[in-house]
Peer 1: 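Have a look at this one.
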2 protein chains.
Amino acid sequence: MGNVTKFLVENKIKPSYQRMSILEYLIKYKTHPTVDEIHQKLVVEIPTLSKTTVYNTLKLFVEKGIVLLINIEDNETRYDADTSAHGHFKCVKCNKIYDFSFNNADIVVDELKQYIIQQTHLYIKGICLICL
Amino acid sequence: MGNVTKFLVENKIKPSYQRMSILEYLIKYKTHPTVDEIHQKLVVEIPTLSKTTVYNTLKLFVEKGIVLLINIEDNETRYDADTSAHGHFKCVKCNKIYDFSFNNADIVVDELKQYIIQQTHLYIKGICLICL
DNA sequence: GTATCTGCAAAACATTTGCAATTCT
DNA sequence: AGAATTGCAAATGTTTTGCAGATAC
């Protein structure tokens, strides 16, 4: 049983060929792809793969907490299989999205002290070193 | 010349009745409204107001830097006339969006030290005090 | 009188939904 | 066989675009 299969089962997701392929893609290519990008790449190997299945699968992954949804763009949602605490930097020139590490613990907001905090998203936009 | 008119002129935006109304609305009601919400409220006073104009105007305001675009929701864009450094907290129960203050200076990311940083968005989701 | 702004209608996208066919056990 | 998954086609909802008429200076 492959790593991905095991990981899905551990997270109470029934493995299917499509689900395993999509998760493998997200783990292998950490480019924070959109639904369209994932579909375009995988449809080469799985010609019958539909966008609906990509949508369904990603929705399931997000619900089960094994994938994060990234809203750094105005128009489309991106996905990230790295669920550890980290931020996202988007270069407005090359449009690449970089991960950077930060500690949620570093962000202490007194005003929210008594609120229940479930998710923290830190998005920074600017120009990356390569494009400078 | 009203405050809003002056403010628009200072930011090189030609004042029009529609533009002034939309800006006034954003300044008065700090609810981070969507295009639809703004349109629905203002069309009562300005029956000819079109959504296209709301879209055009907000796009212009964002370009000129007098309004911030908020992407805390998956499906629609929200707008904020408060351009000072602050974060947004979304209560997943009542769906209200709260502002909270934080210092951009508090978020120092070594990995991005040499990058040019243009915008920082901090979105926190959870449950607010009222809904607890 | 010429630029710009507005607003309708249509188009363009991303995403969701209904449902029938397929797959898996 | 029975339950879940897949995928097509259509619907939905947000945002953009093209263009004609209105407005402003």
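Atom set for the values below is all heavy atoms of this structure, side chains included, hydrogens, waters and symmetry mates excluded. Chain letters run A, B, ... following the sequence lines, proteins first, then strands; residues in each count from 1.
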Peer 1: Parallel, tilted or perpendicular for B:Phe100 and B:Phe102, by the 30°/60° rule?
Peer 2: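 It falls in the tilted class, 30° to 60°.
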Peer 1: Could you check which nucleotide pairs with C:dA21 in any of the strands shown, counting Watson-Crick or G-U wobble with both distances under 3.5 Å?
Peer 2: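 For C:dA21, the partner nucleotide comes out as D:dT5, under the 3.5 Å rule.
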Peer 1: Expressed as a whole number of angstroms, how long is the span from B:Ile13:CD1 to C:dC5:P?
Peer 2: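 Rounded to the whole Å, the gap is 10 Å.
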Peer 1: Check DNA chain D against residues 40-50 of chain A and give the residues with a non-hydrogen atom under 4.0 Å, in numerical order.
Peer 2: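 A:Thr48, A:Leu49, A:Ser50 - these, ordered by number, are the residues of the stretch whose heavy atoms sit under 4.0 Å from the strand.
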Peer 1: Is there a donor-acceptor contact under 3.5 Å linking the side chains of B:Asp36 and B:Thr34?
Peer 2: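 No, because no side-chain N or O of B:Asp36 sits under 3.5 Å from a partner of the opposite role on B:Thr34.
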Peer 1: Are the side chains of B:Ile127 and A:Tyr115 in contact, using a 4.5 Å heavy-atom criterion?
Peer 2: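 Counting from C-beta outward, A:Tyr115 and B:Ile127 never come under 4.5 Å.
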Peer 1: Using whole Å, report how far CD1 of B:Ile38 lies from P of C:dG7.
Peer 2: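 Taking atom P of C:dG7 as the reference, CD1 of B:Ile38 is at 15 Å.
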Peer 1: Go through the structure and list residues passing side-chain hydrogen bond (donor to acceptor under 3.5 Å, both in side chains) with A:Tyr123, not counting sequence neighbours.
Peer 2: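 side-chain hydrogen bond (donor to acceptor under 3.5 Å, both in side chains) check on A:Tyr123 returns A:His121.
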Peer 1: So, the side chain of B:His88 versus the backbone of B:Tyr98: is there a donor-acceptor pair under 3.5 Å, distance only?
Peer 2: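 Judged by distance alone, no pair lies under 3.5 Å.
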Peer 1: Ring-plane angle category for A:Tyr25 and A:Tyr29, please: parallel below 30°, perpendicular beyond 60°, tilted otherwise.
Peer 2: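 It falls in the tilted class, 30° to 60°.
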Peer 1: Show every salt bridge (Lys or Arg N to Asp or Glu O under 4.0 Å) that has at least one partner inside residues 52-73 of chain B, sequence neighbours left out.
Peer 2: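 The answer is B:Glu73-B:Arg78, B:Glu73-B:Lys90.
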Peer 1: To the nearest 0.5 Å, tell me how far A:Leu23 CG sits from A:Ile38 CD1.
Peer 2: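 It is 10.0 Å, given to the nearest 0.5 Å.
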Peer 1: Reading nucleotides 11-25 of chain C 5' to 3', which nucleotides get B (base under 4.0 Å from a protein heavy atom), which S (sugar-phosphate only), which -?
Peer 2: ---SBBB--------
Peer 1: Quick one: A:Leu58 CG to D:dG7 P, roughly how many Å, whole number?
Peer 2: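 These atoms are roughly 14 Å apart.
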Peer 1: Can you hop from A:Tyr79 to A:Ile46 via hydrophobic side chains spaced under 4.5 Å?
Peer 2: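 In one cluster with A:Tyr79: A:Ile46, yes.
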Peer 1: Under the side-chain hydrogen bond (donor to acceptor under 3.5 Å, both in side chains) definition, can you give me all pairs with a residue in residues 10-24 of chain B, not counting sequence neighbours?
Peer 2: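 Matches after skipping sequence neighbours: none remain.
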Peer 1: Provide the Watson-Crick or G-U wobble partner of C:dA3, both distances under 3.5 Å; none if there is no partner.
Peer 2: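 Because no pair has both required distances under 3.5 Å, C:dA3 counts as unpaired.
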Peer 1: List the protein contact pattern of nucleotides 20-25 of chain D with one symbol per nucleotide (5' to 3'): B for base contact, S for sugar-phosphate-only contact, - for none; contact means a heavy-atom distance under 4.0 Å.
Peer 2: ------
Peer 1: For A:Tyr17 and D:dG7, what is the distance between atoms OH and C1' respectively, to the nearest whole Å?
Peer 2: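 Going from OH in A:Tyr17 over to C1' in D:dG7 covers 17 Å.
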Peer 1: Considering just the side-chain nitrogens and oxygens of A:Ser16, establish if one lies under 4.0 Å of OP1 or OP2 belonging to D:dA4.
Peer 2: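 Answer is no, no contact under 4.0 Å.
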Peer 1: Can you tell me if A:Lys30 has over 12 outside heavy atoms packed within less than 6.0 Å of its NZ?
Peer 2: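 Above 12, so yes.
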Peer 1: Send over the distance from A:Gln18 CD to D:dT6 P, rounded to a whole Å.
Peer 2: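 Going from CD in A:Gln18 over to P in D:dT6 covers 5 Å.
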